[in-house]
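What follows is a short report on a single structure.
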Amino acid sequence: MKLDLLGDRQRTHYCGELRKSHAGRTVFLAGWVARRRDLGNLIFLDLRDHTGVIQVVCNREVSAEVHAKAEEIRAEYVVGIEGEVVLRPSDTVNPQISTGEVEVMARTLLLLNEAKTPPFPIEDDIRTSEEARLRHRYLDLRRRRMQHHLRLRHRASLTVREHMTAHGFVEVETPFLTRSTPEGARDYLVPSRIHHGHFYALPQSPQLFKQILMIAGYDRYFQIVRCFRDEDLRADRQPEFTQVDVEMAFPQRDVLFDIIEQLMEKLFALIEAKVRRPFPRLSYDEVMERYGSDKPHLGFGLEWKRVNLPEGAGEKLHVRQPIKVLRVPGWATAARSQLDKLQDLARANAADWFSYAKVGDSEIQSPLGKILGEEAVRTLAAGAEAGAGDLVLLLGLKSGSGAPGPQQRLDAASGELRLELARKLDLIKPGEWNFLWVVDFPMFEYDEKAKRFAAMHHPFTSPREEDLEKLESDPAAVKARAYDLVLNGSEIGGGSIRIHRPDIQKRVFSVLGLTPEKARERFGFFLDALECGTPPHGGIALGYDRIIALMAGESNIREVIAFPKTASAVDLMCDAPAPVDPEQLDELGINIKN
RNA sequence: GGGGACGUAGUUCAGCUGGUUAGAACGCAUGCCUGUCACGCAUGAGGUCGCGGGUUCGAGUCCCGUCGUCCCCGCCA
């Protein structure tokens with residue numbers, strides 16, 4: 001097939017913008033053929049670019065040459081069309097497309113390129129396997145949905161840069177080839193050719209660099225930056241992902257929260273969504289009790305309460321105090337099988353005691369009635385503030401199960417049950433944006449396996465000033481000046497006020513079991529910097545992919561990343577990772593085992 | 001590392017308690033068609049049933065292993 005050259009022709013309009021007002025104009029359009037409808041001497045082409053679709057008419061009586069070329073055209077061929085925009089005959093107007101009142105009478109058709117028959121149709125709402133989409137990502141990205149997502153992402157990045165700049169933040173780039181810090185996530189390593197046996201690491205985040213920029217007097221810093229973590233993937237986790245990284249000197253938490261809340265308001269305005277400010281703030285302890293999660297979805301009620309069973313009941317039932325109770329409004333009609341499923345879910349989450357009470361107008365029905373007496377069950381239901389027609393769930397841990405962290409286990413199970421109930425009862429409404437700050441995280445969590453404390457956020461997070469004296473004596477009770485930003489049950493950001501004093505930094509390292517020598521070996525450069533006039537500082541990192549995904553209405557961040565990886569961290573399009581030539585390995589001084 | 005779901009034509013899927021030549025829709029090819037827009041009509045091509053092994057007279061179907069995709073747990077300071 002003979003192809004035409006584009007020459008010096010320039011596109012005059014995009015396909016999707018043509019309207020009645022363009023009638024009579026001669027235009028030159030360029031794009032992909034979405035569909036061809038061949039009626040014999042009359043051929044219709046749907047020409048597509050990223051703005052939309054326009055119908056092109058190839059009539060043998062108008063141009064035999066155009067018609068002959070149109071006969072050869074197939075889906076996804078690349079063409080240029082010169083012709084006149086004309087009003088469609090009134091009975092052939094297509095109200096389903098925005099350009100449906102007009103069409104282009106082709107006078108010239110440039111056949112710019114052919115295309116193989118695509119493995120899947122380039123259309124919206126076409127179910128195609130993830131595998132096929134990722135393998136042929138260039139075709140998947142051609143679809144309107146992906147075009148929309150990536151263009152939304154672009155506008156969001158402009159919004160971030162405008163907003164942060166307006167608040168005096170400066171974007172500074174930090175290295176991708178940096179030093180491995182074994183704390184935290186597994187690093188991606190890059191071997192050094194010049195220094196055999198030495199490795200760079202790709203940053204898990206620019207944490208230390210941004211703190212050093214504070215020390216260097218950059219005052220307010222931000223960066224839209226790629227981060228790398230060699231950990232297993234999830235719907236909301238890719239090995240490389242993007243953060244909006246923010247840090248400020250002389251921080252007041254409320255000032256930072258306000259800047260971020262305003263940013264969220266502007267971002268969600270891009271999708272015409274209203275955001276209520278200020279965002280609620282709840283302590284870690286509170287959300288764990290009420291929602292059983294450190295990233296609760298606030299879009300529906302269902303709040304747990306910690307209560308004690310009546311005197312002696314704990315012993316009778318062999319249950320630890322306290323238990324948790326939850327009122328499920330209007331679900332006294334729950335079927336036995338549904339309750340059994342909830343019990344299974346509780347057990348699967350290591351909460352091995354489960355019961356319930358169905359509150360009627362005058363009676364109350366519960367398996368506990370026989371053991372505790374109806375009055376005790378009523379007291380429990382009242383504790384859950386349940387009324388007629390409500391169901392009360394009771395969740396606890398059997399006594400004698402000696403596993404550690406019982407309260408945490410109970411909380412975690414209660415959170416899972418809460419989410420399952422919300423799904424089952426269809427309480428999660430789309431189009432609502434429930435932001436939340438979770439504050440006052442514990443400073444440390446005890447690592448049972450390693451038999452030591454680990455930083456819950458990271459080792460540079462400042463303890464609350466009032467907790468400083470407990471740092472060594474009772475680490476578990478120390479709260480950090482750390483906070484997470486949560487949206488509809490997703491953690492979309494996290495940060496803290498940092499330690500700016502070397503003496504406190506050293507004490508925290510010591511609690512973490514890091515000897516001064518080890519600390520110096522790993523973070524020596526940072527400790528040196530810390531001693532050179534470090535201002536109080538703090539910041540936050542926002543999960544950019546997750547935010548865009550929520551804005552786009554997607555539950556998987558792959559949908560807002562141009563070239564993502566599969567659940568096994570493979571790029572199906574370019575087949576990475578892949579073996580390399582022995583010469584390349586040799587140059588790096590690397591032998592592959594076995 | 002563990003658990004679950006899936007894997008059949010280019011695509012999305014059906015295929016019963018194992019039984020003759022593995023089907024459908026869309027797509028694709030060829031022909032006809034001047035107002036279609038998911039064009040229509042006619043004809044046709046297209047399959048290592050993910051891969052390997054086993055059971056059986058006989059396996060898309062049962063068993064074992066393996067690979068891939070998705071979701072979850074662990075992991076993600």
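Bear in mind the structure is a predicted one, so any value in this text is a computation, not a measurement. Per chain, numbering begins at 1; letters A, B, ... match sequence-line order.
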Phosphate contact (B:U69 OP1 or OP2) by A:Thr566 side-chain N/O below 4.0 Å
yes

Taking atom P in both B:U48 and B:G23, compute the distance separating them and give it to the nearest angstrom.
15 Å

Give A:Ser129 one of three labels, base, sugar-phosphate or nothing, depending on what nucleic acid heavy atoms sit under 4.0 Å from its own.
sugar-phosphate

Give me the distance, rounded to whole Å, that separates B:A24 from B:G46 when you measure between the P atoms they each carry.
14 Å

Watson-Crick/G-U partner (both atom distances under 3.5 Å) of B:G35:
none

Could you state the atom-to-atom distance from CG of A:Leu134 to P of B:U69 in whole Å?
9 Å

Atom C1', compared across B:G58 and B:G2: separation rounded to whole Å:
38 Å

Check: A:Phe228 ring centre within less than 6.0 Å of A:Phe241 ring centre:
no

Angle between ring planes, A:His136 versus A:Tyr138, binned at 30° and 60°: parallel, tilted or perpendicular?
perpendicular

Nearest whole Å is fine: how far is B:C76 P from A:Gln243 CD?
16 Å

Minimum heavy-atom separation for A:Thr534 and A:His500, please, with both atom names.
CB-O, 3.5 Å

With A:Asp230, which residues qualify under side chain to side chain donor-acceptor pair (under 3.5 Å), at least two apart?
none

Taking only the side-chain heavy atoms of A:Thr117 (C-beta and beyond), determine which of B:G10, B:G27, B:U12 contains the nearest atom.
B:G27

In whole Å, what is the span from the CD1 atom of A:Ile43 to the P atom of B:G40?
16 Å

Counting just side-chain N and O atoms, does A:Arg133 come under 4.0 Å of either OP1 or OP2 of B:U69?
no

Could you tell me whether the side chains of A:Asp285 and A:Ser283 share a donor-acceptor contact shorter than 3.5 Å?
no

So, OP1 or OP2 of B:U12: does either fall under 4.0 Å of a side-chain N or O from A:Thr128?
no

Please list, by residue number, the residues of residues 44-82 of chain A whose heavy atoms come closer than 4.0 Å to an atom of RNA chain B; answer none if no residue qualifies.
A:Phe44, A:Gln55, A:Asn59, A:Glu61, A:Arg74

Scan every strand shown for a Watson-Crick or G-U wobble partner of B:U43, both distances under 3.5 Å, and answer none if you come up empty.
B:A29

For B:U17, which nucleotide in any strand shown is its Watson-Crick or wobble partner with both distances under 3.5 Å?
none

Looking only at the side chains, is there a donor atom on one of A:Gln223 and A:Thr174 sitting less than 3.5 Å from an acceptor on the other?
yes

Report the nucleotide, chosen from B:G35, B:G68, B:A38, that has the shortest atom-to-atom distance to any side-chain atom of A:Pro89.
B:G35

Do A:Glu103 and B:G35 have a side chain to base donor-acceptor pair shorter than 3.5 Å?
yes

When we call it a touch if two heavy atoms are under 4.0 Å apart, what does A:Arg135 touch: a base, just sugar-phosphate, or nothing?
nothing

Below 4.0 Å: OP1/OP2 of B:U36 and any side-chain N or O of A:Arg88
no

Between A:Lys506 and A:Asp503, is there a salt bridge with N-O shorter than 4.0 Å?
no

Which is true for A:Ala455 with a 4.0 Å heavy-atom rule: it touches a base, it touches only sugar-phosphate, or it touches nothing?
sugar-phosphate

Find the partner of B:G65: check Watson-Crick (N1-N3 plus N6-O4 or O6-N4) and G-U wobble (N1-O2, O6-N3) distances, both under 3.5 Å, and reply none if neither fits.
B:C51

Please report the distance, rounded to the nearest Å, between CG in A:Asp571 and P in B:U69.
11 Å

To the nearest Å, give me how far apart CG (A:Asn556) and C1' (B:U69) are.
12 Å

Using the C1' atom as the reference point in each nucleotide, state the distance between B:A25 and B:A38 in Å, no decimals.
12 Å

Donor on one side chain, acceptor on other, A:His458 and A:Arg498, under 3.5 Å
yes

Quick one: A:Glu559 CD to B:C70 P, roughly how many Å, whole number?
11 Å

Please determine whether a side-chain nitrogen or oxygen atom of A:Ser568 lies at a distance below 4.0 Å from atom OP1 or OP2 of B:U69.
yes

What interatomic distance, in whole Å, is found between P of B:U12 and the corresponding atom of B:U34?
36 Å

When A:Arg143, A:Arg48, A:Arg35, A:Arg142 are each screened for salt bridge (Lys or Arg N to Asp or Glu O under 4.0 Å) with A:Glu123, the one that passes is A:Arg35

Audit row: A:Lys341, A:Asp344, salt bridge (Lys or Arg N to Asp or Glu O under 4.0 Å) steps and yes/no:
CA-CA 5 Å; A:Lys341 272 189 198 142; A:Asp344 291 345; over 6 Å; no

Length of the CD1-P vector between A:Ile97 and B:C37, whole Å
12 Å

Within the structure shown, what part of the strands sits under 4.0 Å from A:Pro459 by heavy-atom distance: base, sugar-phosphate, or nothing?
base

Expressed in whole Å, how much space separates the C1' atoms belonging to B:A29 and B:C67?
34 Å

Report the relative orientation of the aromatic rings in A:Phe523 and A:Phe509; use parallel for angles under 30°, tilted for 30 to 60°, perpendicular for over 60°.
parallel

Does any donor atom in the side chain of A:Gln238 or A:Asp545 lie under 3.5 Å from an acceptor atom in the other side chain?
no

Below 3.5 Å, does any donor atom in the side chain of A:Arg36 face an acceptor in the base of B:C39, or the other way round?
no

Output for pair (A:Ser293 OG, A:Glu491 CD), nearest 0.5 Å, gives 10.0 Å

So, is A:Arg37 close to the B:U36 phosphate, meaning a side-chain N or O under 4.0 Å from OP1 or OP2?
no

The residue, A:Val570 or A:Met456, whose nearest nucleotide of RNA chain B is more 5′ is A:Val570

A:Gln96 side chain, from C-beta outward: closest of B:U36, B:A38, B:U69
B:A38

Find the distance A:Arg127:CZ to B:A14:C1' and express it as a whole number of Å.
13 Å

Whole-angstrom distance between B:A14 and B:U8, as gauged at atom P
10 Å

Using a 4.0 Å cut-off on heavy atoms, which residues in residues 227-242 of chain A reach RNA chain B? List them by number, or say none.
A:Arg229, A:Glu231, A:Asp232, A:Arg234, A:Ala235, A:Arg237

Identify the nucleotide, in any strand shown, that forms a Watson-Crick or G-U wobble pair with B:A24, with both distances under 3.5 Å; if there is none, say none.
B:U12

OP1 or OP2 of B:C37 sitting under 4.0 Å from any side-chain N/O of A:Asn94?
no

Distance between P atoms of B:U69 and B:G27 (Å, rounded)
30 Å

